[in-house]
Amino acid sequence: MFSLLADKLQDVFKDLRGHGKITETNITDAMRAVRMALLEADVEFNVAKGFIARVKEKALGEEVLRGVHPGQQIVKIFHDELTALLGGDNEPLNLEKPARIMMVGLNGAGKTTSSAKLAMWLKKQGKAPLLIACDLHRPAAIEQLATLARQVGVPCFTPPPGEKDVLKVGRLAADWAKEQPGNVQIYDTAGRQEIDEPLIQEIKALREFLQPQEVLLVADAATGQQAVSVATHFHQALNITGLVLTKLDGDARGGAALSMRQVTQRPIKFAGIGEKLDQFEPFFPDRLAGRILG
Ligand code: GDP
């Protein structure tokens, strides 16, 4: 992920560093090249535009241009702005009681896998997570979650076969959770191929019933330009509390990662970096910024 963007940015910065003295024209040229690189990496147009404007304004500051190593300073400005765009610091999960976490997102984004990965991660942190299957549209998803729960070694709630009423299932699950020794509840919800109003309404009703501490939008980092509309739509309907970006190990261009946090103003809390259950980690904006800049 990001190798194309990283290569292009490194070229631009190598060029800037090569200049002993940097002029406004050098900066304007460099920022034009950076903007192209961001757009080619699928960063949404307005996000790229705003980002470039902020970097440029700082780079054109007197202290930078008159400084000893202007090229390096500009790289630092870029790194800091990129970190800010990705959210600044890592934001931990809110695990206030009853510590309910709803996982939402489109089909195939990695919701079910990420639910299990999150359970494994929490278990390693000394918590006692519970997995709860609330995807009533795809029977295979319930079995998939139950299988993953066995692999992780955590209890799993499965709805009564054929049950279609998600609120009833939510109520049964919440009652079940009270009887379990667990202290964090992870609800895997239904997805669709694309945003679909009845589904959003169903998840919204479940959100209102559960009053979860976290609603995490699971999104495939390779979503491309569609990422912004997906994130905006889910956020408007469900008031998400954070994002889980999956498939950061892939070779896609990765612009979604840079756009989604910006359009929702919600932190990316975790990253999926492979298919295995332990390939999942808290998201650190500065580390990703560092990787992108090489
Ligand atoms: P859901 O429909 O949103 O529940 O998606 P799934 O959890 O079933 O995941 C869809 C596919 O994406 C599965 O083949 C997962 O193994 C794969 N997947 C999920 N997360 C990652 C990740 O971080 N990296 C990679 N390479 N694959 C992932």
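Atoms within a ligand are numbered from 1 in the order they appear, just like the ligands themselves.
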Between ligand 1 and [X], can you find any atom pair, the residue atom being a heavy atom, that is separated by under 4.0 Å?
X: G191; result: no
X: G274; result: yes
X: L106; result: yes
X: G250; result: no

Task: Set of residues satisfying side-chain contact (heavy atoms from CB on, under 4.5 Å) with respect to N107, sequence neighbours excluded - done: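 N107 satisfies side-chain contact (heavy atoms from CB on, under 4.5 Å) with K111, R138, Q193 once adjacent residues are dropped.
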
Task: For V230, all residues meeting side-chain contact (heavy atoms from CB on, under 4.5 Å), sequence neighbours excluded - done: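 side-chain contact (heavy atoms from CB on, under 4.5 Å) list for V230, sorted by chain: L106, I195, Q226, F234.
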
Identify the closest protein heavy atom to [atom]: which residue and atom is it, and at what distance?
atom: atom 13 (C) of ligand 1; result: T113 OG1, 4.4 Å
atom: atom 10 (C) of ligand 1; result: G108 O, 3.7 Å
atom: atom 3 (O) of ligand 1; result: K111 N, 2.7 Å
atom: atom 8 (O) of ligand 1; result: Q144 NE2, 3.0 Å
atom: atom 5 (O) of ligand 1; result: G110 N, 3.1 Å
atom: atom 28 (C) of ligand 1; result: K247 CG, 3.8 Å
atom: atom 14 (O) of ligand 1; result: E275 OE1, 3.8 Å
atom: atom 24 (N) of ligand 1; result: D249 OD1, 2.8 Å

With the 4.5 Å side-chain cut-off for hydrophobic clustering, are [X] and [Y] part of the same group?
X: V215; Y: L131; value: no
X: I200; Y: L243; value: yes
X: L210; Y: L172; value: yes
X: F2; Y: L82; value: yes

Pull out every atom of ligand 1 sitting under 4.0 Å from any heavy atom of [X], numbered as shown with elements.
X: R138; result: 2 (O), 4 (O)
X: G272; result: 23 (O)
X: K117; result: 20 (N), 21 (C), 22 (C), 23 (O)
X: I273; result: 23 (O)

- [ ] Please work out whether any backbone atom (N, CA, C, O) or any side-chain heavy atom from C-beta onward of D135 is under 4.0 Å from ligand 1, and answer side chain, backbone, both or neither.
- [x]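 Neither part.
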
- [ ] Pick one of side chain, backbone, both or neither for how K276 approaches ligand 1, counting any non-hydrogen atom pair under 4.0 Å.
- [x]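 It is neither; nothing of K276 touches ligand 1.
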
Open item on the list: Within a 6.0 Å radius of atom CZ on R35, are there more than 12 heavy atoms belonging to other residues, nucleotides or ligands?
Closed with: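 Open: at most 12 neighbouring heavy atoms sit under 6.0 Å from CZ of R35.
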
TODO: Might you confirm whether atom CD of Q151 has over 12 heavy atoms from other residues, nucleotides or ligands at distances under 6.0 Å?
DONE: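 Buried by this count: over 12 neighbours within 6.0 Å.
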
- [ ] Look up atom OG1 in T147 and atom CD1 in I142, then write down how far apart they are to the nearest 0.5 Å.
- [x]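 Output value for this atom pair is 11.5 Å.
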
Open item on the list: Let's go through K97 and N183 carefully: what are the C-alpha distance in whole Å and the side-chain angles of both, what is the deciding distance for side chain to side chain contact (heavy atoms under 4.5 Å, CB included) to 0.1 Å, and is it a yes or a no?
Closed with: CA-CA 8 Å; K97 285 191 170 137; N183 53 16; 5.7 Å; no

Task: Sidechain N-carboxylate O distance under 4.0 Å for K8, D11 - done: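 Not counted as a salt bridge, because no side-chain N and carboxylate O are separated by less than 4.0 Å.
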
Is [X] close to ligand 1, meaning an N/O of one under 3.5 Å from an N/O of the other?
X: T112; answer: yes
X: S114; answer: no
X: A109; answer: yes

TODO: Classify the side-chain pair T83/D80 by whether it contains a donor and acceptor separated by less than 3.5 Å.
DONE: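 Side chains of T83 and D80: no pair found under 3.5 Å.
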
Open item on the list: Are W176 and F157 an aromatic pair, judged by ring center distance below 6.0 Å?
Closed with: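 Yes: the rings meet the under 6.0 Å criterion.
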
